[in-house]
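Below you'll find the structure, written out as structure tokens, and then a few comments.
As the structure lists them, so they are numbered: ligands from 1, and atoms in each ligand from 1.
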Amino acid sequence: MSDNATKKKIDIFDTTLRDGEQSPGASMNQEEKLEIAKQLAQLNVDVIEAGFPVSSQGDFDSVYAIAEQVQGPTICALARALEKDIEAAAKALAPAQRKRIHTFIATSPIHMEFKLKMNPEQVLEKAAAMIKYARKLVDEVEFSAEDACRSEKDFLFRIIETAIDAGASIINIPDTVGYTTPEEFGALIADIKKNVPNISKAKISVHCHNDLGLAVANSLAAVKNGAEQVECTINGIGERAGNASLEEIVMILKTRSEFGYYTDVATPQIIRSSKLVSSITGIMVQPNKAIVGSNAFAHESGIHQDGMLKNKKTYEIIDLGDIGLKSTQLPLGPRSGKHAIKSRLEQLGFKTIEGDDLQKIYERFIRLADKKKRVDDRDLISLATDLSITMKDSQNTFNLLHVQVTCGTSGLPTASICLQDQRDKTNILKGAALGTGPVDAACKCIRELTKANCTLTEFSIKAVTEGIDSLGEVTIRIMDNDSGQLFTGHSAKTDILVASAHAYVDAVNKYFAKKGDLKFNPQTSNEAEEEKAVI
Ligand code: KIV
Ligand code: ZN
């Protein structure tokens, strides 16, 4: 009998691409969302909330592309309780094998009075009508009572009962403002089970925000009181202080299996997923973040190190292999073979790297091993992630040939850059620029040479490992001054100034790729453009 046979399955509903994208600075383009959605399918989440199709053409297209290309999880789209939102969601989900519309309306007195300007009876009626409408378009409808934790309980019970009668099979209880506490939230879920007569016809889901740092604890309390689905995001990103973190929820249920729950998440894909999301969004994970932070398994004190040497379990409650991180130092060096790198990448969750991609990582690995004293799994993950999220050389408009920067306490920071135009390889662009610092000078020079009409909106840099010889990962975001669209560039190198120039060129290449790719999409609803929807 499997270990899980006596346990209760908890569905993992990932909303990295919807609520996660609402984190300040986290907006992603279609290719980036698709890359993350494919990784979420590898992670084996049950549901991917792919976006909010009515909110913009870009969101509509991203949900459509994910519905078309990502198999395995149910693909879900968000819609307010409005016909046009629900229609856009249904259209965007059309190609998905398994689809769900997630419709919501606020139920707290403050939201109903000030935001919706509706009375409770109107809210009740609207919810029922829109759930019925959504059920005509798709088989599975989730209903959320927005701001449930500040709603009057009797009204909440009534609207849940009405929603289930109207055809919702998943009832989500969001703590929209991150206000509740574990005891209170657990009791709310227990009360819903006790007081909603038809609750057995639906699954209870929870969606907790982290304003008081309790999102994961609240979600766990809900599970212990009968919730069967948890909504969460990779690295806990999301609106304001974020959402419950997927990796924490999943690893709590796995590590404390005596609680009697399990998920279907492929936990060895956790580190890879975390890395991909932070590299794409540029939102770095704090070093002491549980499960995925760089210090989460670092043992600093002598007493702890001594204990670890005697028995790992003295101070480590999670087997690193379970989250896709091997604890051992890579027994690889400048003379290691390609096969050894491939097999290590597979152990780290990168199962599909072959051919030219493998050759490229191999060459970069060997160059790195020549420069750096110790190369470990984190370096290899960084190189592989970099390869998966930067543009392929063959698709580039520009390649960076040389970068030279001068800076210091006297004189002006100066960069000289040499680029090759891939549309006409004889066209070599050379230039120099001054800047407020060396990175600014390099970016300015690249912008002037390529004539990209864009503005740098974000720059972040992170050391992959400890030590002065660490790889530096740079994420750069630029905004197209015409369309407002954002493009993210990435690079990982031991020289952070060179990495910055490469990351900027990567972002500029994505910008030019989009400029040449403004296709008409016949699936797109005109209504999606009518109004910018805000949650
Ligand atoms: O936090 C919230 O209430 C939401 C809903 C749309 C589910 O994100
Ligand atoms: Zn939310």
Counting only heavy atoms closer than 4.0 Å, does ligand 1 sit against the backbone of D19, its side chain, both, or neither? side chain

Whether H102 lies under 4.0 Å from ligand 1, heavy atom: yes

By side-chain hydrogen bond (donor to acceptor under 3.5 Å, both in side chains) - contacts of D506 (at least two apart): K510

Among all residues two or more places apart in sequence or in another chain, which pass the side-chain hydrogen bond (donor to acceptor under 3.5 Å, both in side chains) test with K201? none

Shell check on the Zn ion (ligand 2): protein N, O or S atoms less than 2.8 Å away are D19 OD2, H207 NE2, H209 NE2

Any N or O on S144 sitting closer than 3.5 Å to an N or O of ligand 1? no

D147 to ligand 1: N or O pair under 3.5 Å? no

Check whether S278 reaches the backbone of V285 with its side chain - one donor and one acceptor, N or O, closer than 3.5 Å. no

Expected output: side-chain N44 to main-chain A266 donor-acceptor under 3.5 Å: no

Using a strict cut-off of 4.0 Å, indicate which atoms of ligand 1 neighbour a heavy atom of H209. 1 (O)

E146, H111, R18: member with heavy atom nearest to atom 8 (O) of ligand 1: R18

To the nearest 0.5 Å, what is the distance between CZ on R378 and CD1 on I381? 9.0 Å

Nearest 0.5 angstrom please: D175 CG to N243 CG, how far? 10.5 Å

Report the C-alpha separation of R100 and E142 in whole Å, then their side-chain angles, then the decisive distance to 0.1 Å, and conclude whether the salt bridge (Lys or Arg N to Asp or Glu O under 4.0 Å) test is met. CA-CA 7 Å; R100 177 186 298 181; E142 169 170 334; 2.8 Å; yes

H490: ring pair (Phe, Tyr, Trp, His ring centres under 6.0 Å) partners, not counting sequence neighbours: none

Tell me, please, whether F60 has K91 positioned over its six-membered ring: NZ or CZ under 6.0 Å from the ring centre and within 45 degrees of its axis? no

